[in-house]
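Single-structure report; data block below.
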2 protein chains.
Amino acid sequence: MQPHSNIFLATCTSRQVLHLIADQWTALVMYALEDKDSTKRFSQLLTQIDGISKKMLSQTLRDMERNGLVQRVVYPAVPPHVEYSLTPLGQTLIEPITALRKWAEEHLDEVKEARIKHNQTEHISIQEQVASLVQQREQH
Amino acid sequence: MQPHSNIFLATCTSRQVLHLIADQWTALVMYALEDKDSTKRFSQLLTQIDGISKKMLSQTLRDMERNGLVQRVVYPAVPPHVEYSLTPLGQTLIEPITALRKWAEEHLDEVKEARIKHNQTEHISIQEQVASLVQQREQH
DNA sequence: CCGCATCCGGAGCGATACTG
DNA sequence: CAGTATCGCTCCGGATGCGG
């Protein structure tokens, strides 16, 4: 067995590749750029992806560029103008990652239901009670 | 447009669902349990998934159970015996998540190559140049 | 054997201010 | 406009110990 084919090994390379996508924002940036031939500016992405901070968007884009998923084109002008688009490699990732999105949308209700059912049958620890209260408060 | 269908909104539910999978370990646990009718014990998973700690495995399994992805069965005995398996809902997630794994394995080399190329062509910012100069001076 | 509680160091992330 | 630098805090995650 080749070393990278056993995804359960910590040193496995495909696990590292998987790790690229397993963060909060990469998938969302992919969705924002998935339209073919669509390039977007930094501020466009910032607006479209609700909740992301400048810092995280910058960081995510840099990582994605580093991994060959997005292309960054700078138009030297004042004010600066930078456009982001998916590379061919990035485009190949759209399909599997969109499947994930579809799954999320389709099974959303089942997950919600499972949570409710779980909460009912479960003994809630004091810590979790506090945590959920804090969460509720934060949503205001 | 329904509120949960716009994944770019922070309040969007499908984004929360997506978040379930976007962590380090959930995907790997899925892979470990993907064989149909295969149930595994805690310690089996701990051994199979290289690099995971007891705490994280426990936490991941609890979250997955909470979201209806895995089923936990306790056999009251001494020593305790607990078996984990995928729920029907969890089984539906196998396909999209396996697509992701396949992508990782197939495009592994391209990502690696992109990284190397990126490191070579990288422009070093003025700040980094200054920083390295300062560092050199400080070493005297 | 399974897994939770606790502690603690360090990474992650947001907010703000600044530059070209 | 498109970022980077810095600070401050939170929370992740590992190590350990305990309890069933």
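As a basis for the values below, the full set of heavy atoms in this structure was taken, side chains included, without hydrogen atoms, waters or symmetry mates. A, B, ... follow the sequence lines: proteins, then strands. Residue 1 opens every chain. Note that the structure is predicted; figures quoted are calculated from it, not measured.
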Task: A:Met56 CE to C:dA15 P, straight-line distance once rounded to whole Å - done: 12 Å
Task: Gap between atoms NZ and C1', on B:Lys54 and C:dC2 respectively (whole Å) - done: 8 Å
TODO: For B:Gln59 and C:dC2, give me the distance from atom CD to atom C1', rounded to whole Å.
DONE: 16 Å
Task: Side-chain H-bond candidate by donor/acceptor type, A:Glu110 with A:His107, under 3.5 Å - done: yes
Task: OP1 or OP2 of C:dC2 under 4.0 Å from side-chain N/O of B:Arg72 - done: no
- [ ] Quickly work out the A:Leu57 CG to D:dA2 P distance and round it to whole Å.
- [x] 10 Å
Open item on the list: Pick the closest DNA chain C nucleotide for A:Pro80 and for A:Trp25 by heavy atoms, then say which residue is nearer the 5' end.
Closed with: A:Trp25
TODO: Whole angstrom is fine here: how far is it from CD1 in A:Ile52 over to P in D:dA2?
DONE: 15 Å
- [ ] Grab the CG-P distance between B:Leu46 and C:dC2 for me, whole Å please.
- [x] 9 Å
TODO: Please determine if B:Arg101 and B:Glu34 form a salt bridge, counting it only when a charged side-chain N lies under 4.0 Å from a carboxylate O.
DONE: yes
Open item on the list: Quick check on C:dC2: is either OP1 or OP2 less than 4.0 Å from any side-chain nitrogen or oxygen of B:Ser58?
Closed with: no
Task: N/O (side chain, A:Arg41) to phosphate O (OP1/OP2, D:dC1) under 4.0 Å - done: no
Open item on the list: Closer than 3.5 angstrom, by distance alone: can the side chain of B:Asn6 be matched with the main-chain N or O of B:Phe8 as a donor-acceptor pair?
Closed with: yes
Task: Minimum heavy-atom distance B:Ala32-B:Ser38, with the two atoms named - done: O-OG, 4.4 Å
Task: Residue-phosphate contact under 4.0 Å: A:Arg62 side-chain N/O, D:dG3 OP1/OP2 - done: no
Open item on the list: Using the side-chain heavy atoms of B:Lys55, tell me which of these nucleotides is nearest: C:dC7, D:dA2, C:dA15.
Closed with: C:dC7
- [ ] Rounded to the nearest angstrom, tell me the gap between atom CD in B:Gln24 and atom P in C:dA11.
- [x] 15 Å
- [ ] Determine: side-chain N/O of A:Tyr84 to OP1/OP2 of D:dC1, distance under 4.0 Å, yes or no.
- [x] no
Open item on the list: Between C1' on D:dC11 and CG on B:Asp23, what's the gap in Å once rounded to a whole number?
Closed with: 14 Å
Task: Flag for B:Asp23-B:Thr26: side-chain donor and acceptor within less than 3.5 Å - done: yes
